[in-house]
S.K.: 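If you scroll down you'll find the structure; I have some questions about it.
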Amino acid sequence: QEAVAACVNGDTVWVKDGYVCNSGKSPIITNYGYARINLNKALTLRSESGSWEGGATITGEVDPSTGGNGTDAVRAIHVNGSAKIVGFCIKDAAAGGSYGGAVVFASGNGPIEKCFISGCKTTGILKPAFFKSYVTVTDCVCSNNAGGLSWCRASGCTIVRNTATSGAGGCGSCVLNDCEIVGNHIAANAAKEAGAENVLVAQPGDPGVELQHVLPGDPFQVSVLHTT
């Protein structure tokens, strides 16, 4: 956070591979709570290698009173500007305030590239729905979070084994290209959709398909309602 504070718009913050950011937090952000890093400038935040494999790590923190989301939870990154994020392992985050997201975009549309987001008590990458615009997500993995992606335009991503209590386990209100959605689900009786909700999927050479309702008796599959 100190490096971000020292930068001006257009700068790049380089983070050494192997570095773990697991302490400190921003002042509380209205409607969003605390964040380990508050990207409130038009910056690039990049690991040395530019890949989560061997790159740097940013961890969040659960609210100690709930073991998950809550007033004292710390999300990994709050974006309020035209920021680019490249090459991080992001894990163990939770959310305070009114909106979820281990990485939340309060403004700007990314991109976020080559990141691995796992073990979070909130959706991996989220932009609040009222913005009606998509975060660009490329070559990322969202695994074992409380939801994968929300309001994202994703390419080359893997969304696997995420579990939500409402909305979509894998992707909600997203546009996907050449992505893999595997083994996501909704906690029992919490919602009707699993895997993908309001998602237009575009695979190279294939028609788009809108995926909605889970197949009866199988929480890991999604039925194809119609092609577009």
Side-chain angles (χ1 to χ4, degrees), residues 1-5 13 15 19-41 43 45 52 55-81 83 85 88-108 110 112 115-131 135 137 140-152 159-174 184-188 190-191:
Q1 187 64 58
E2 292 82 2
V4 171
V13 177
V15 183
Y19 178 78
V20 178
C21 178
N22 59 3
S23 62
K25 61 185 179 182
S26 69
I28 196 164
I29 303 165
T30 302
N31 295 325
Y32 293 93
Y34 297 108
R36 191 72 75 205
I37 299 174
N38 182 20
L39 284 178
N40 55 0
K41 301 175 183 177
L43 303 176
L45 181 67
W52 64 266
T57 299
I58 302 170
T59 68
E61 189 175 330
V62 300
D63 184 321
S65 67
T66 67
N69 301 315
T71 303
D72 291 324
V74 181
R75 72 178 81 243
I77 304 174
H78 174 272
V79 180
N80 188 17
I85 303 166
F88 290 91
C89 181
I90 296 167
K91 63 180 185 178
D92 302 335
S98 303
Y99 304 104
V103 181
V104 65
F105 284 78
S107 69
I112 177 167
C115 289
F116 187 99
I117 302 168
S118 67
C120 299
K121 302 296 186 180
T122 182
T123 303
I125 304 172
L126 177 144
K127 188 164 189 179
F130 64 82
F131 287 114
V135 176
V137 183
C140 291
V141 178
C142 280
S143 173
N144 292 289
N145 305 294
L149 305 176
S150 181
W151 282 94
C152 293
I159 315 300
V160 57
R161 294 189 300 276
N162 299 285
T163 302
T165 56
S166 63
C171 302
S173 300
C174 293
N184 304 283
H185 67 285
I186 300 295

S.K.: If you take all heavy atoms of Ala93 and Ala76, which pair is closest and at what distance?
M.R.: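 In terms of heavy atoms, the two residues are closest at CB-N, 3.7 Å.
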S.K.: If you define the side chain from C-beta out and look only at heavy atoms, does anything of Ile90 sit under 4.5 Å from Val103?
M.R.: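 Yes - at least one pair of side-chain heavy atoms lies under 4.5 Å apart.
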S.K.: Tell me if a side-chain donor or acceptor on Asn162 pairs with a main-chain N or O of Cys142 at a distance below 3.5 Å.
M.R.: yes
S.K.: Restricting to side-chain contact (heavy atoms from CB on, under 4.5 Å), what partner residues turn up for Lys121, sequence neighbours left out?
M.R.: Val62, Asn69, Ala94
S.K.: Going by salt bridge (Lys or Arg N to Asp or Glu O under 4.0 Å), name the pairs with one or both residues in residues 61-70, residues two or more places apart or in two chains.
M.R.: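 Counting only pairs at least two positions apart or across chains, the salt bridge (Lys or Arg N to Asp or Glu O under 4.0 Å) contacts touching residues 61-70 are Arg36-Glu61.
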S.K.: What's the shortest heavy-atom distance between Gly170 and Ile159, and which atoms?
M.R.: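 For Gly170 versus Ile159, the nearest heavy atoms are O-CG2, 3.5 Å.
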S.K.: So which atom in Gly101 and which in Leu126 form the shortest heavy-atom distance, rounded to 0.1 Å?
M.R.: CA-CB, 4.0 Å
S.K.: Over all heavy atoms of both residues, which pair between Gly100 and Ala95 is shortest? Give the atoms and the distance, please.
M.R.: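 Heavy atoms of Gly100 and Ala95 come nearest at CA-CB, 3.8 Å.
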S.K.: Taking all non-hydrogen atoms of both residues into account, name the closest pair between Cys171 and Cys174 and its distance.
M.R.: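 Closest heavy-atom pair between Cys171 and Cys174: CB-SG, 3.9 Å.
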S.K.: Output, in order, the C-alpha distance, side-chain angles, deciding distance and verdict of side chain to side chain contact (heavy atoms under 4.5 Å, CB included) for Ile37 and Val4.
M.R.: CA-CA 8 Å; Ile37 299 174; Val4 171; 4.3 Å; yes
S.K.: Answer yes or no: is there a side-chain heavy-atom contact under 4.5 Å between Val104 and Val79?
M.R.: no
S.K.: Contact between Ser65 and Asp72 at the side-chain level, heavy atoms closer than 4.5 Å - yes or no?
M.R.: no
S.K.: Got a sec, which residues hit side-chain hydrogen bond (donor to acceptor under 3.5 Å, both in side chains) with Asn144, two or more places apart in sequence or on another chain?
M.R.: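 Here no residue qualifies.
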S.K.: Just wondering, do Leu45 and Phe88 contact through their side chains at under 4.5 Å, heavy atoms?
M.R.: yes
S.K.: Quick one: CH2 on Trp52 to SG on Cys115, what's the gap to the nearest 0.5 Å?
M.R.: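 Rounded to the nearest 0.5 Å, the CH2-SG separation comes to 10.5 Å.
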S.K.: Taking all heavy atoms of Cys120 and all of Asn145, pick out the closest pair and write down the distance.
M.R.: N-OD1, 3.0 Å
S.K.: With a 4.5 Å cut-off on side-chain heavy atoms, are Thr59 and Thr57 touching?
M.R.: yes
S.K.: Is there any side chain to side chain donor-acceptor pair (under 3.5 Å) pair reaching into residues 88-107, and which pairs are they, with sequence neighbours excluded?
M.R.: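 Applying side chain to side chain donor-acceptor pair (under 3.5 Å) to every pair that reaches into residues 88-107, excluding sequence neighbours, yields Asn80-Ser107.
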S.K.: Would you say Arg75's side chain and Gly96's backbone share a donor-acceptor pair under 3.5 angstrom?
M.R.: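 Yes, Arg75 side chain to Gly96 backbone: donor-acceptor pair under 3.5 Å.
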S.K.: In chain order, what residues pass the side-chain contact (heavy atoms from CB on, under 4.5 Å) check against Val160, with sequence neighbours excluded?
M.R.: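 With sequence neighbours excluded, Val160 shows a side-chain contact (heavy atoms from CB on, under 4.5 Å) to Ser143, Thr158, Val182, given in chain and number order.
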S.K.: Testing Ile77, Val135, Ile58 for side chain to side chain contact (heavy atoms under 4.5 Å, CB included) with Ile85, which one passes?
M.R.: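 Only one option passes, and that is Ile77.
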S.K.: Side chain of Thr123, backbone of Ile125: donor and acceptor closer than 3.5 Å?
M.R.: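 Not at all, since once roles are kept as given, no pair shorter than 3.5 Å links the two residues.
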S.K.: Mind listing the side-chain donor-acceptor pairs of residues 20-33 below 3.5 Å, one per line with the distance, residues two or more places apart or on another chain?
M.R.:
unit_1	atom_1	unit_2	atom_2	d
Ser26	OG	Ala35	N	3.2
Ser26	OG	Ala35	O	3.4

